[in-house]
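Reminder, nothing fancy here: chain letters follow the sequence lines and each chain counts from 1.
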Number of protein chains: 2
Amino acid sequence: MTSVSTRDSVWLRGERPHRDRRLTREQIVGVTVEILDTEGRDGLSMRRVASALGVSPGALYWYVTTKDHLMELALDAVLGEVLEGLQGTPGVPGWRSALGRIAGGSRAMFLRHPWVLADLATQPNLGPNALALADTGLEILADAGFADGDLDAALAAINDHVTGAVVAENAWRSVAARMGADGDDWTEEAGGFFKEVEERHPRLAARMAASGKIDIDRECARRFEFGLACLLDGLESRLP
Amino acid sequence: MTSVSTRDSVWLRGERPHRDRRLTREQIVGVTVEILDTEGRDGLSMRRVASALGVSPGALYWYVTTKDHLMELALDAVLGEVLEGLQGTPGVPGWRSALGRIAGGSRAMFLRHPWVLADLATQPNLGPNALALADTGLEILADAGFADGDLDAALAAINDHVTGAVVAENAWRSVAARMGADGDDWTEEAGGFFKEVEERHPRLAARMAASGKIDIDRECARRFEFGLACLLDGLESRLP
DNA sequence: ACCTGAACACCGTTCAAGT
DNA sequence: ACCTGAACACCGTTCAAGT
(Lines give C-alpha, C1' and ligand atoms only; values in the text may rest on other atoms or scores of the structure.)
Protein backbone atom coordinates (compact mmCIF):
# COMPACT_ATOMS: atom_id res chain seq x y z
CA MET A 1 0.00 0.00 0.00
CA THR A 2 2.77 2.42 0.87
CA SER A 3 4.96 3.76 -1.91
CA VAL A 4 8.54 2.62 -2.22
CA SER A 5 10.15 5.91 -1.40
CA THR A 6 8.47 6.38 1.95
CA ARG A 7 8.64 2.83 3.19
CA ASP A 8 10.76 2.37 6.29
CA SER A 9 13.03 -0.47 7.22
CA VAL A 10 12.94 -3.08 9.96
CA TRP A 11 16.53 -2.34 10.72
CA LEU A 12 15.84 1.24 11.73
CA ARG A 13 13.37 0.24 14.42
CA GLY A 14 14.02 -1.68 17.59
CA GLU A 15 12.38 -4.95 18.44
CA ARG A 16 9.62 -4.86 21.00
CA PRO A 17 10.10 -5.76 24.67
CA HIS A 18 8.85 -9.23 25.50
CA ARG A 19 7.79 -11.49 28.30
CA ASP A 20 6.06 -14.70 27.44
CA ARG A 21 5.98 -15.07 23.69
CA ARG A 22 5.19 -18.32 21.99
CA LEU A 23 6.71 -17.32 18.69
CA THR A 24 10.07 -15.94 17.67
CA ARG A 25 11.09 -13.77 14.78
CA GLU A 26 13.51 -16.50 13.78
CA GLN A 27 10.70 -19.04 13.62
CA ILE A 28 8.55 -16.74 11.53
CA VAL A 29 11.38 -15.85 9.18
CA GLY A 30 12.29 -19.52 8.94
CA VAL A 31 8.92 -20.67 7.68
CA THR A 32 8.72 -17.60 5.46
CA VAL A 33 11.91 -18.58 3.67
CA GLU A 34 10.69 -22.14 3.45
CA ILE A 35 7.43 -21.13 1.84
CA LEU A 36 9.18 -18.76 -0.55
CA ASP A 37 11.60 -21.49 -1.59
CA THR A 38 8.97 -24.13 -2.20
CA GLU A 39 5.98 -22.12 -3.35
CA GLY A 40 7.58 -19.02 -4.77
CA ARG A 41 6.83 -15.39 -4.24
CA ASP A 42 3.15 -15.71 -5.12
CA GLY A 43 2.73 -18.58 -2.70
CA LEU A 44 3.58 -16.43 0.28
CA SER A 45 0.92 -14.75 2.36
CA MET A 46 0.66 -13.73 5.95
CA ARG A 47 -2.20 -16.15 6.34
CA ARG A 48 -0.07 -18.94 4.88
CA VAL A 49 2.77 -18.21 7.30
CA ALA A 50 0.36 -18.04 10.20
CA SER A 51 -1.29 -21.37 9.39
CA ALA A 52 2.12 -23.01 8.98
CA LEU A 53 2.88 -21.86 12.52
CA GLY A 54 -0.53 -22.94 13.80
CA VAL A 55 -1.49 -19.44 14.77
CA SER A 56 -4.01 -16.82 13.69
CA PRO A 57 -2.96 -14.30 11.03
CA GLY A 58 -3.24 -11.35 13.38
CA ALA A 59 -0.73 -12.90 15.77
CA LEU A 60 2.12 -12.29 13.33
CA TYR A 61 1.63 -8.55 13.62
CA TRP A 62 2.79 -8.72 17.18
CA TYR A 63 6.25 -9.70 15.97
CA VAL A 64 6.43 -7.96 12.66
CA THR A 65 4.82 -4.66 11.74
CA THR A 66 4.27 -5.42 8.08
CA LYS A 67 4.71 -7.99 5.34
CA ASP A 68 7.42 -5.84 3.78
CA HIS A 69 9.40 -5.93 6.99
CA LEU A 70 9.09 -9.68 7.03
CA MET A 71 10.50 -9.78 3.52
CA GLU A 72 13.42 -7.64 4.66
CA LEU A 73 14.13 -10.13 7.40
CA ALA A 74 13.90 -13.03 4.96
CA LEU A 75 16.31 -11.24 2.63
CA ASP A 76 18.93 -10.78 5.31
CA ALA A 77 18.45 -14.33 6.49
CA VAL A 78 19.48 -15.81 3.15
CA LEU A 79 22.35 -13.35 2.85
CA GLY A 80 23.60 -14.97 6.01
CA GLU A 81 24.08 -18.21 4.10
CA VAL A 82 26.76 -16.56 1.99
CA LEU A 83 28.68 -15.58 5.12
CA GLU A 84 28.37 -19.08 6.53
CA GLY A 85 29.72 -20.60 3.34
CA LEU A 86 32.67 -18.25 3.58
CA GLN A 87 33.79 -18.93 7.10
CA GLY A 88 33.65 -22.68 6.69
CA THR A 89 36.62 -22.80 4.34
CA PRO A 90 40.15 -21.47 4.76
CA GLY A 91 41.03 -18.10 3.28
CA VAL A 92 42.43 -18.05 -0.21
CA PRO A 93 45.44 -16.02 -1.26
CA GLY A 94 45.05 -13.02 -3.53
CA TRP A 95 42.31 -10.44 -3.67
CA ARG A 96 41.01 -11.65 -7.02
CA SER A 97 40.23 -15.15 -5.88
CA ALA A 98 38.95 -13.90 -2.52
CA LEU A 99 36.42 -11.71 -4.29
CA GLY A 100 35.68 -14.51 -6.72
CA ARG A 101 34.71 -16.74 -3.84
CA ILE A 102 32.31 -14.20 -2.42
CA ALA A 103 30.81 -13.53 -5.82
CA GLY A 104 30.42 -17.22 -6.54
CA GLY A 105 28.89 -17.87 -3.13
CA SER A 106 26.45 -15.04 -3.61
CA ARG A 107 25.47 -16.30 -7.02
CA ALA A 108 24.83 -19.79 -5.66
CA MET A 109 22.67 -18.36 -2.90
CA PHE A 110 20.63 -16.30 -5.34
CA LEU A 111 20.00 -19.36 -7.45
CA ARG A 112 18.83 -21.26 -4.38
CA HIS A 113 16.45 -18.44 -3.43
CA PRO A 114 15.38 -16.75 -6.66
CA TRP A 115 12.62 -14.79 -4.92
CA VAL A 116 15.24 -12.53 -3.30
CA LEU A 117 16.00 -10.87 -6.61
CA ALA A 118 12.74 -8.98 -6.76
CA ASP A 119 13.41 -7.82 -3.20
CA LEU A 120 16.78 -6.33 -4.02
CA ALA A 121 15.25 -3.87 -6.44
CA THR A 122 12.51 -2.87 -4.04
CA GLN A 123 13.96 -2.83 -0.59
CA PRO A 124 17.11 -1.25 0.76
CA ASN A 125 19.36 -3.76 2.33
CA LEU A 126 20.45 -2.68 5.77
CA GLY A 127 20.43 -5.96 7.67
CA PRO A 128 23.39 -7.17 9.74
CA ASN A 129 24.39 -9.86 7.27
CA ALA A 130 24.27 -7.44 4.35
CA LEU A 131 26.51 -5.07 6.26
CA ALA A 132 28.95 -7.81 7.24
CA LEU A 133 29.14 -9.01 3.65
CA ALA A 134 29.82 -5.50 2.39
CA ASP A 135 32.48 -5.02 5.03
CA THR A 136 34.41 -8.13 4.12
CA GLY A 137 34.31 -7.04 0.49
CA LEU A 138 35.71 -3.66 1.48
CA GLU A 139 38.41 -5.31 3.55
CA ILE A 140 39.65 -7.39 0.66
CA LEU A 141 39.67 -4.45 -1.71
CA ALA A 142 41.34 -2.14 0.78
CA ASP A 143 44.09 -4.70 1.42
CA ALA A 144 44.53 -4.98 -2.32
CA GLY A 145 45.28 -1.27 -2.45
CA PHE A 146 42.03 0.45 -3.34
CA ALA A 147 41.02 3.54 -1.39
CA ASP A 148 38.42 6.28 -1.17
CA GLY A 149 36.11 6.57 -4.13
CA ASP A 150 37.71 3.72 -6.03
CA LEU A 151 37.08 1.46 -3.07
CA ASP A 152 33.33 2.07 -3.12
CA ALA A 153 33.12 1.91 -6.89
CA ALA A 154 35.09 -1.32 -7.11
CA LEU A 155 32.89 -3.09 -4.60
CA ALA A 156 29.77 -1.75 -6.27
CA ALA A 157 30.95 -2.95 -9.68
CA ILE A 158 31.44 -6.49 -8.43
CA ASN A 159 28.16 -6.59 -6.59
CA ASP A 160 26.35 -5.19 -9.60
CA HIS A 161 27.79 -7.88 -11.80
CA VAL A 162 26.59 -10.59 -9.46
CA THR A 163 23.03 -9.35 -9.11
CA GLY A 164 22.74 -8.46 -12.78
CA ALA A 165 24.00 -11.84 -13.87
CA VAL A 166 21.64 -13.76 -11.62
CA VAL A 167 18.68 -11.68 -12.68
CA ALA A 168 19.41 -12.54 -16.29
CA GLU A 169 20.09 -16.18 -15.50
CA ASN A 170 16.86 -16.49 -13.62
CA ALA A 171 14.86 -15.00 -16.48
CA TRP A 172 16.52 -17.34 -18.93
CA ARG A 173 15.86 -20.35 -16.76
CA SER A 174 12.18 -19.55 -16.49
CA VAL A 175 11.91 -19.51 -20.27
CA ALA A 176 13.88 -22.72 -20.62
CA ALA A 177 11.82 -24.46 -17.97
CA ARG A 178 8.67 -23.61 -19.86
CA MET A 179 10.10 -24.86 -23.13
CA GLY A 180 11.35 -28.10 -21.70
CA ALA A 181 8.29 -28.76 -19.59
CA ASP A 182 5.76 -29.69 -22.24
CA GLY A 183 5.70 -29.23 -26.01
CA ASP A 184 1.92 -29.52 -26.05
CA ASP A 185 0.17 -26.61 -27.65
CA TRP A 186 3.28 -24.63 -26.91
CA THR A 187 5.43 -25.28 -29.94
CA GLU A 188 2.95 -24.13 -32.56
CA GLU A 189 2.62 -20.64 -31.14
CA ALA A 190 6.29 -20.39 -30.25
CA GLY A 191 7.27 -21.63 -33.69
CA GLY A 192 5.82 -18.46 -35.13
CA PHE A 193 7.73 -16.49 -32.55
CA PHE A 194 11.07 -17.97 -33.53
CA LYS A 195 10.33 -17.59 -37.22
CA GLU A 196 9.73 -13.89 -36.66
CA VAL A 197 12.95 -13.50 -34.73
CA GLU A 198 14.76 -15.24 -37.57
CA GLU A 199 13.35 -12.75 -40.08
CA ARG A 200 13.84 -9.58 -38.13
CA HIS A 201 17.06 -10.31 -36.26
CA PRO A 202 19.02 -13.07 -37.99
CA ARG A 203 22.14 -12.38 -35.96
CA LEU A 204 20.24 -12.68 -32.69
CA ALA A 205 18.42 -15.79 -33.89
CA ALA A 206 21.73 -17.42 -34.71
CA ARG A 207 23.08 -16.71 -31.23
CA MET A 208 19.87 -17.97 -29.61
CA ALA A 209 20.03 -21.18 -31.61
CA ALA A 210 23.70 -21.66 -30.71
CA SER A 211 23.29 -21.12 -26.98
CA GLY A 212 20.02 -23.05 -26.94
CA LYS A 213 21.94 -26.22 -27.70
CA ILE A 214 24.27 -25.77 -24.76
CA ASP A 215 23.68 -26.82 -21.20
CA ILE A 216 22.21 -23.83 -19.39
CA ASP A 217 24.12 -24.44 -16.18
CA ARG A 218 27.45 -24.46 -17.93
CA GLU A 219 26.66 -21.53 -20.17
CA CYS A 220 25.44 -19.32 -17.33
CA ALA A 221 28.47 -20.19 -15.23
CA ARG A 222 30.75 -19.46 -18.17
CA ARG A 223 29.24 -16.03 -18.81
CA PHE A 224 29.36 -15.22 -15.13
CA GLU A 225 33.07 -16.01 -14.90
CA PHE A 226 33.81 -14.25 -18.18
CA GLY A 227 32.24 -10.98 -17.03
CA LEU A 228 33.83 -11.25 -13.62
CA ALA A 229 37.27 -11.81 -15.13
CA CYS A 230 36.86 -8.78 -17.41
CA LEU A 231 35.84 -6.69 -14.44
CA LEU A 232 38.71 -7.86 -12.26
CA ASP A 233 41.18 -7.18 -15.07
CA GLY A 234 39.85 -3.66 -15.38
CA LEU A 235 40.08 -3.17 -11.63
CA GLU A 236 43.60 -4.54 -11.44
CA SER A 237 44.84 -2.11 -14.05
CA ARG A 238 43.50 0.73 -11.88
CA LEU A 239 45.50 -0.23 -8.82
CA PRO A 240 47.87 2.56 -7.76
CA MET B 1 -1.18 -17.28 -8.51
CA THR B 2 0.90 -19.30 -10.95
CA SER B 3 4.48 -20.18 -10.10
CA VAL B 4 7.30 -18.47 -11.92
CA SER B 5 8.61 -21.51 -13.69
CA THR B 6 5.35 -22.42 -15.42
CA ARG B 7 4.18 -18.94 -16.33
CA ASP B 8 3.92 -18.33 -20.04
CA SER B 9 4.68 -15.20 -22.00
CA VAL B 10 2.52 -12.81 -23.99
CA TRP B 11 5.03 -12.98 -26.80
CA LEU B 12 4.51 -16.66 -27.35
CA ARG B 13 0.78 -16.26 -27.97
CA GLY B 14 -0.89 -14.46 -30.83
CA GLU B 15 -3.28 -11.58 -30.33
CA ARG B 16 -6.95 -12.28 -30.76
CA PRO B 17 -8.89 -11.50 -33.91
CA HIS B 18 -10.95 -8.35 -33.62
CA ARG B 19 -13.85 -6.46 -35.14
CA ASP B 20 -15.25 -3.55 -33.24
CA ARG B 21 -13.15 -3.00 -30.19
CA ARG B 22 -13.33 0.17 -28.16
CA LEU B 23 -10.02 -0.38 -26.46
CA THR B 24 -6.52 -1.11 -27.72
CA ARG B 25 -3.62 -2.89 -26.15
CA GLU B 26 -1.60 0.28 -26.62
CA GLN B 27 -4.14 2.29 -24.67
CA ILE B 28 -4.19 -0.22 -21.86
CA VAL B 29 -0.43 -0.48 -21.70
CA GLY B 30 -0.19 3.30 -21.83
CA VAL B 31 -2.28 3.93 -18.75
CA THR B 32 -0.60 1.01 -17.04
CA VAL B 33 2.82 2.61 -17.45
CA GLU B 34 1.38 5.94 -16.35
CA ILE B 35 -0.04 4.48 -13.16
CA LEU B 36 3.16 2.58 -12.43
CA ASP B 37 5.22 5.75 -12.89
CA THR B 38 3.06 7.92 -10.67
CA GLU B 39 1.75 5.49 -8.10
CA GLY B 40 4.39 2.81 -8.11
CA ARG B 41 4.09 -0.92 -8.29
CA ASP B 42 1.68 -1.18 -5.37
CA GLY B 43 -0.59 1.43 -6.90
CA LEU B 44 -1.33 -0.74 -9.89
CA SER B 45 -4.37 -2.97 -10.05
CA MET B 46 -6.56 -4.24 -12.86
CA ARG B 47 -9.43 -2.36 -11.32
CA ARG B 48 -7.39 0.83 -11.25
CA VAL B 49 -6.47 0.49 -14.92
CA ALA B 50 -10.07 -0.27 -15.83
CA SER B 51 -11.44 2.75 -14.02
CA ALA B 52 -8.82 5.00 -15.62
CA LEU B 53 -10.13 3.79 -18.96
CA GLY B 54 -13.74 4.16 -17.90
CA VAL B 55 -14.44 0.50 -18.29
CA SER B 56 -15.35 -2.43 -16.08
CA PRO B 57 -12.50 -4.58 -14.72
CA GLY B 58 -13.60 -7.65 -16.61
CA ALA B 59 -13.33 -5.84 -19.93
CA LEU B 60 -9.54 -5.83 -19.71
CA TYR B 61 -9.47 -9.59 -19.88
CA TRP B 62 -10.71 -9.43 -23.41
CA TYR B 63 -7.42 -7.80 -24.42
CA VAL B 64 -5.01 -9.28 -21.99
CA THR B 65 -5.15 -12.74 -20.49
CA THR B 66 -3.55 -11.87 -17.18
CA LYS B 67 -2.02 -9.13 -15.10
CA ASP B 68 1.42 -10.69 -15.59
CA HIS B 69 1.03 -10.46 -19.34
CA LEU B 70 0.11 -6.81 -18.98
CA MET B 71 3.30 -6.27 -17.01
CA GLU B 72 5.29 -7.94 -19.76
CA LEU B 73 3.77 -5.53 -22.26
CA ALA B 74 4.57 -2.57 -20.02
CA LEU B 75 8.14 -3.78 -19.69
CA ASP B 76 8.67 -3.94 -23.42
CA ALA B 77 6.98 -0.58 -23.89
CA VAL B 78 9.52 1.24 -21.75
CA LEU B 79 12.38 -0.68 -23.36
CA GLY B 80 11.18 0.96 -26.55
CA GLU B 81 12.15 4.33 -25.10
CA VAL B 82 15.78 3.29 -25.12
CA LEU B 83 15.60 2.46 -28.82
CA GLU B 84 13.92 5.78 -29.57
CA GLY B 85 16.60 7.69 -27.76
CA LEU B 86 19.18 5.88 -29.82
CA GLN B 87 17.84 6.55 -33.29
CA GLY B 88 17.33 10.24 -32.65
CA THR B 89 21.04 11.01 -32.55
CA PRO B 90 23.78 10.25 -35.08
CA GLY B 91 25.92 7.16 -34.63
CA VAL B 92 29.11 7.55 -32.64
CA PRO B 93 32.45 6.15 -33.72
CA GLY B 94 34.01 3.27 -31.84
CA TRP B 95 32.37 0.27 -30.25
CA ARG B 96 33.16 1.43 -26.70
CA SER B 97 31.27 4.69 -26.95
CA ALA B 98 28.49 3.04 -28.95
CA LEU B 99 27.93 0.55 -26.15
CA GLY B 100 28.33 3.31 -23.61
CA ARG B 101 25.47 5.17 -25.18
CA ILE B 102 23.17 2.17 -25.05
CA ALA B 103 24.15 1.45 -21.46
CA GLY B 104 23.63 5.07 -20.46
CA GLY B 105 20.29 5.25 -22.22
CA SER B 106 19.14 2.07 -20.54
CA ARG B 107 20.21 3.35 -17.16
CA ALA B 108 18.29 6.58 -17.65
CA MET B 109 15.19 4.64 -18.64
CA PHE B 110 15.41 2.40 -15.60
CA LEU B 111 15.65 5.44 -13.36
CA ARG B 112 12.56 6.92 -15.00
CA HIS B 113 10.63 3.68 -14.50
CA PRO B 114 12.02 2.01 -11.38
CA TRP B 115 9.16 -0.49 -11.23
CA VAL B 116 10.63 -2.34 -14.22
CA LEU B 117 13.47 -3.66 -12.12
CA ALA B 118 11.33 -6.08 -10.16
CA ASP B 119 9.93 -7.32 -13.46
CA LEU B 120 13.31 -8.15 -14.91
CA ALA B 121 13.98 -10.67 -12.20
CA THR B 122 10.58 -12.30 -12.54
CA GLN B 123 9.65 -12.26 -16.19
CA PRO B 124 11.60 -13.35 -19.24
CA ASN B 125 12.00 -10.56 -21.70
CA LEU B 126 10.98 -11.68 -25.17
CA GLY B 127 9.26 -8.56 -26.50
CA PRO B 128 10.13 -6.99 -29.85
CA ASN B 129 11.92 -4.02 -28.30
CA ALA B 130 13.98 -6.25 -26.05
CA LEU B 131 15.01 -8.32 -29.04
CA ALA B 132 15.85 -5.25 -31.13
CA LEU B 133 17.94 -3.84 -28.32
CA ALA B 134 19.83 -7.08 -27.90
CA ASP B 135 20.41 -7.28 -31.63
CA THR B 136 21.95 -3.82 -31.89
CA GLY B 137 24.22 -4.71 -28.99
CA LEU B 138 25.30 -7.84 -30.80
CA GLU B 139 25.90 -5.87 -33.99
CA ILE B 140 28.24 -3.44 -32.29
CA LEU B 141 30.18 -6.20 -30.56
CA ALA B 142 30.39 -8.33 -33.69
CA ASP B 143 31.72 -5.38 -35.69
CA ALA B 144 34.26 -4.81 -32.96
CA GLY B 145 35.55 -8.32 -33.50
CA PHE B 146 33.84 -10.53 -30.95
CA ALA B 147 32.43 -13.83 -32.10
CA ASP B 148 30.73 -17.00 -30.87
CA GLY B 149 30.73 -17.49 -27.13
CA ASP B 150 32.63 -14.30 -26.42
CA LEU B 151 29.98 -12.36 -28.27
CA ASP B 152 27.19 -13.59 -26.02
CA ALA B 153 29.22 -13.28 -22.88
CA ALA B 154 30.35 -9.75 -23.69
CA LEU B 155 26.82 -8.52 -24.28
CA ALA B 156 25.61 -10.28 -21.16
CA ALA B 157 28.36 -8.70 -19.07
CA ILE B 158 27.39 -5.20 -20.14
CA ASN B 159 23.70 -5.78 -19.66
CA ASP B 160 24.34 -7.29 -16.26
CA HIS B 161 26.32 -4.27 -15.19
CA VAL B 162 23.51 -1.94 -16.20
CA THR B 163 20.74 -3.81 -14.43
CA GLY B 164 22.85 -4.52 -11.36
CA ALA B 165 23.89 -0.90 -11.05
CA VAL B 166 20.38 0.45 -11.34
CA VAL B 167 19.05 -2.07 -8.84
CA ALA B 168 21.63 -0.87 -6.33
CA GLU B 169 21.08 2.77 -7.14
CA ASN B 170 17.37 2.43 -6.71
CA ALA B 171 17.75 0.78 -3.33
CA TRP B 172 20.14 3.50 -2.21
CA ARG B 173 17.82 6.24 -3.37
CA SER B 174 14.91 4.80 -1.44
CA VAL B 175 16.96 4.92 1.75
CA ALA B 176 18.17 8.43 1.05
CA ALA B 177 14.66 9.64 0.25
CA ARG B 178 13.49 8.35 3.59
CA MET B 179 16.34 10.00 5.46
CA GLY B 180 15.91 13.34 3.76
CA ALA B 181 12.13 13.33 3.94
CA ASP B 182 11.64 13.98 7.63
CA GLY B 183 13.87 13.70 10.64
CA ASP B 184 10.89 13.37 12.94
CA ASP B 185 10.96 10.31 15.11
CA TRP B 186 13.27 8.84 12.55
CA THR B 187 16.65 10.02 13.74
CA GLU B 188 16.47 8.61 17.23
CA GLU B 189 15.94 5.03 16.10
CA ALA B 190 18.32 5.36 13.17
CA GLY B 191 20.95 6.94 15.37
CA GLY B 192 21.21 3.67 17.23
CA PHE B 193 21.50 1.91 13.91
CA PHE B 194 24.45 4.00 12.79
CA LYS B 195 26.14 3.69 16.13
CA GLU B 196 25.96 -0.07 15.84
CA VAL B 197 27.42 0.01 12.34
CA GLU B 198 30.24 2.16 13.65
CA GLU B 199 31.04 -0.37 16.35
CA ARG B 200 30.82 -3.52 14.31
CA HIS B 201 32.09 -2.34 10.95
CA PRO B 202 34.19 0.80 11.31
CA ARG B 203 35.53 0.56 7.78
CA LEU B 204 32.05 0.33 6.30
CA ALA B 205 30.80 3.14 8.53
CA ALA B 206 33.61 5.37 7.29
CA ARG B 207 32.71 4.72 3.67
CA MET B 208 29.02 5.31 4.39
CA ALA B 209 29.80 8.61 6.04
CA ALA B 210 32.05 9.67 3.17
CA SER B 211 29.58 8.86 0.41
CA GLY B 212 26.68 10.18 2.43
CA LYS B 213 28.09 13.67 2.09
CA ILE B 214 28.22 13.45 -1.70
CA ASP B 215 25.45 14.21 -4.12
CA ILE B 216 23.75 10.91 -4.87
CA ASP B 217 23.21 11.64 -8.55
CA ARG B 218 26.88 12.33 -9.15
CA GLU B 219 28.07 9.44 -7.04
CA CYS B 220 25.81 6.90 -8.71
CA ALA B 221 26.78 8.16 -12.16
CA ARG B 222 30.44 7.98 -11.20
CA ARG B 223 30.21 4.40 -9.99
CA PHE B 224 28.26 3.41 -13.05
CA GLU B 225 30.90 4.80 -15.41
CA PHE B 226 33.73 3.38 -13.32
CA GLY B 227 32.38 -0.15 -13.50
CA LEU B 228 31.53 0.18 -17.17
CA ALA B 229 35.05 1.41 -17.98
CA CYS B 230 36.60 -1.51 -16.09
CA LEU B 231 34.40 -3.92 -17.97
CA LEU B 232 35.14 -2.39 -21.37
CA ASP B 233 38.88 -2.48 -20.62
CA GLY B 234 38.60 -6.14 -19.79
CA LEU B 235 36.62 -6.80 -22.96
CA GLU B 236 39.04 -4.87 -25.13
CA SER B 237 41.98 -6.88 -23.91
CA ARG B 238 40.12 -10.02 -25.01
CA LEU B 239 39.71 -8.95 -28.61
CA PRO B 240 41.43 -11.32 -31.04
C1' DA C 1 1.98 -9.32 27.11
C1' DC C 2 0.25 -12.00 23.78
C1' DC C 3 -3.32 -14.14 20.93
C1' DT C 4 -8.16 -14.94 18.72
C1' DG C 5 -12.03 -13.82 15.77
C1' DA C 6 -14.14 -11.12 13.12
C1' DA C 7 -14.27 -7.48 10.31
C1' DC C 8 -12.71 -3.78 6.59
C1' DA C 9 -11.20 -2.57 2.30
C1' DC C 10 -9.18 -4.28 -1.01
C1' DC C 11 -7.33 -7.77 -4.70
C1' DG C 12 -7.22 -11.01 -9.65
C1' DT C 13 -10.13 -13.62 -12.33
C1' DT C 14 -14.41 -15.80 -14.16
C1' DC C 15 -18.64 -15.91 -16.40
C1' DA C 16 -23.43 -15.54 -17.18
C1' DA C 17 -26.06 -12.23 -19.34
C1' DG C 18 -26.60 -8.41 -22.22
C1' DT C 19 -25.70 -5.52 -26.85
C1' DA D 1 -17.31 -9.54 -30.88
C1' DC D 2 -17.14 -6.99 -27.02
C1' DC D 3 -18.65 -5.36 -22.48
C1' DT D 4 -21.27 -5.24 -17.80
C1' DG D 5 -22.37 -6.85 -13.17
C1' DA D 6 -21.96 -9.71 -9.93
C1' DA D 7 -19.78 -13.16 -7.83
C1' DC D 8 -15.72 -16.33 -5.96
C1' DA D 9 -11.78 -16.99 -3.51
C1' DC D 10 -8.50 -14.82 -1.94
C1' DC D 11 -5.45 -10.84 0.07
C1' DG D 12 -2.95 -7.35 4.17
C1' DT D 13 -4.09 -5.14 8.19
C1' DT D 14 -6.72 -3.62 12.34
C1' DC D 15 -8.74 -4.11 16.68
C1' DA D 16 -11.99 -5.24 20.09
C1' DA D 17 -12.20 -8.83 23.27
C1' DG D 18 -10.30 -12.52 25.64
C1' DT D 19 -6.34 -14.92 28.69
### Message
Among dG12(D), dC11(C), dC2(C), which nucleotide has an atom closest to any side-chain atom of R47(B)?
### Response
dC11(C)
### Query
Donor-acceptor pair, N125(B) side chain versus L120(B) backbone, under 3.5 Å?
no
### Nearest-Å distance for atom pair NE2/P, residues H69(A) and dG12(D)
15 Å
### Protein-nucleotide distance (L44(A), atom CG; dC11(D), atom P), rounded to Å
10 Å
### Query
Can you tell me if the side-chain N/O atoms of W62(B) get under 4.0 Å from OP1 or OP2 in dC2(D)?
yes
### Query
Is Y61(A) near enough to dC15(D) that one of its side-chain N or O atoms lies under 4.0 angstrom from OP1 or OP2?
no
### Task
For the side chain of M46(A), starting at C-beta, report the closest nucleotide among dT13(C), dT13(D), dC3(C).
dT13(D)
### Message
Run the side-chain hydrogen bond (donor to acceptor under 3.5 Å, both in side chains) test against Q27(B) and tell me which residues pass, sequence neighbours left out.
### Response
T24(B)
#### Entry: Side-chain ion pair, D135(B) and R207(A), N-O less than 4.0 Å
no
### Query
To the side chain of K67(A), which of dG12(D), dT13(C), dC3(D) is closest?
dG12(D)
## Note on the structure
Out of dC11(C), dT13(C), dT14(D), minimum distance to the side chain of T66(B) belongs to dT13(C)
### Query
Do R41(A) and D119(A) come within less than 4.5 Å of each other through their side chains, counting heavy atoms only?
yes
### Message
Without decimals, in angstroms, what is the distance between L60(B) CG and dT14(C) P?
### Response
13 Å
### Query
Can you check the M71(A) CE to dT13(D) C1' distance for me, whole Å?
17 Å
#### Entry: S45(B): partners by side chain to side chain contact (heavy atoms under 4.5 Å, CB included), with sequence neighbours left out
R47(B), R48(B)
### Query
Is there a donor-acceptor contact under 3.5 Å linking the side chains of D37(B) and W115(B)?
yes
### Message
Checking contacts here: which listed nucleotide (dC3(D), dA7(C), dC2(C)) is nearest the side-chain heavy atoms of V55(B)?
### Response
dC3(D)
### Query
Nearest nucleotide by nearest heavy atom, which residue falls closer to the 5' end of DNA chain D, T65(A) or R48(A)?
R48(A)
### Message
Can a side-chain donor-acceptor contact be found between H113(A) and E81(A) if the only test is distance below 3.5 angstrom?
### Response
yes
### Summary
Winner on side-chain proximity to S56(B), out of dC2(C), dT13(D), dG5(D), is dG5(D)
### Query
Starting at CG of D42(B) and ending at C1' of dT13(D), how long is that distance when rounded to a whole Å?
14 Å
### Task
Measure from CG on L53(B) to C1' on dC3(D) and round the result to the nearest Å.
13 Å
### Side-chain N or O of Y63(B) closer than 4.0 Å to phosphate OP1/OP2 of dC2(D)
no
### Heavy-atom side-chain proximity of E72(A) to S9(A) below 4.5 angstrom
yes
### Message
If I take atom CZ in residue R22(B) and atom C1' in nucleotide dA1(D), what distance separates them, rounded to the nearest angstrom?
### Response
10 Å
### Query
Which dot-bracket string fits DNA chain D when only Watson-Crick or G-U wobble pairs with both atom distances under 3.5 Å count, crossing pairs get [ ], and | stands for a partner on a different strand?
||.|||||...|||||.||
### Message
Between P on dC11(C) and CG on L70(B), what's the gap in Å once rounded to a whole number?
### Response
15 Å
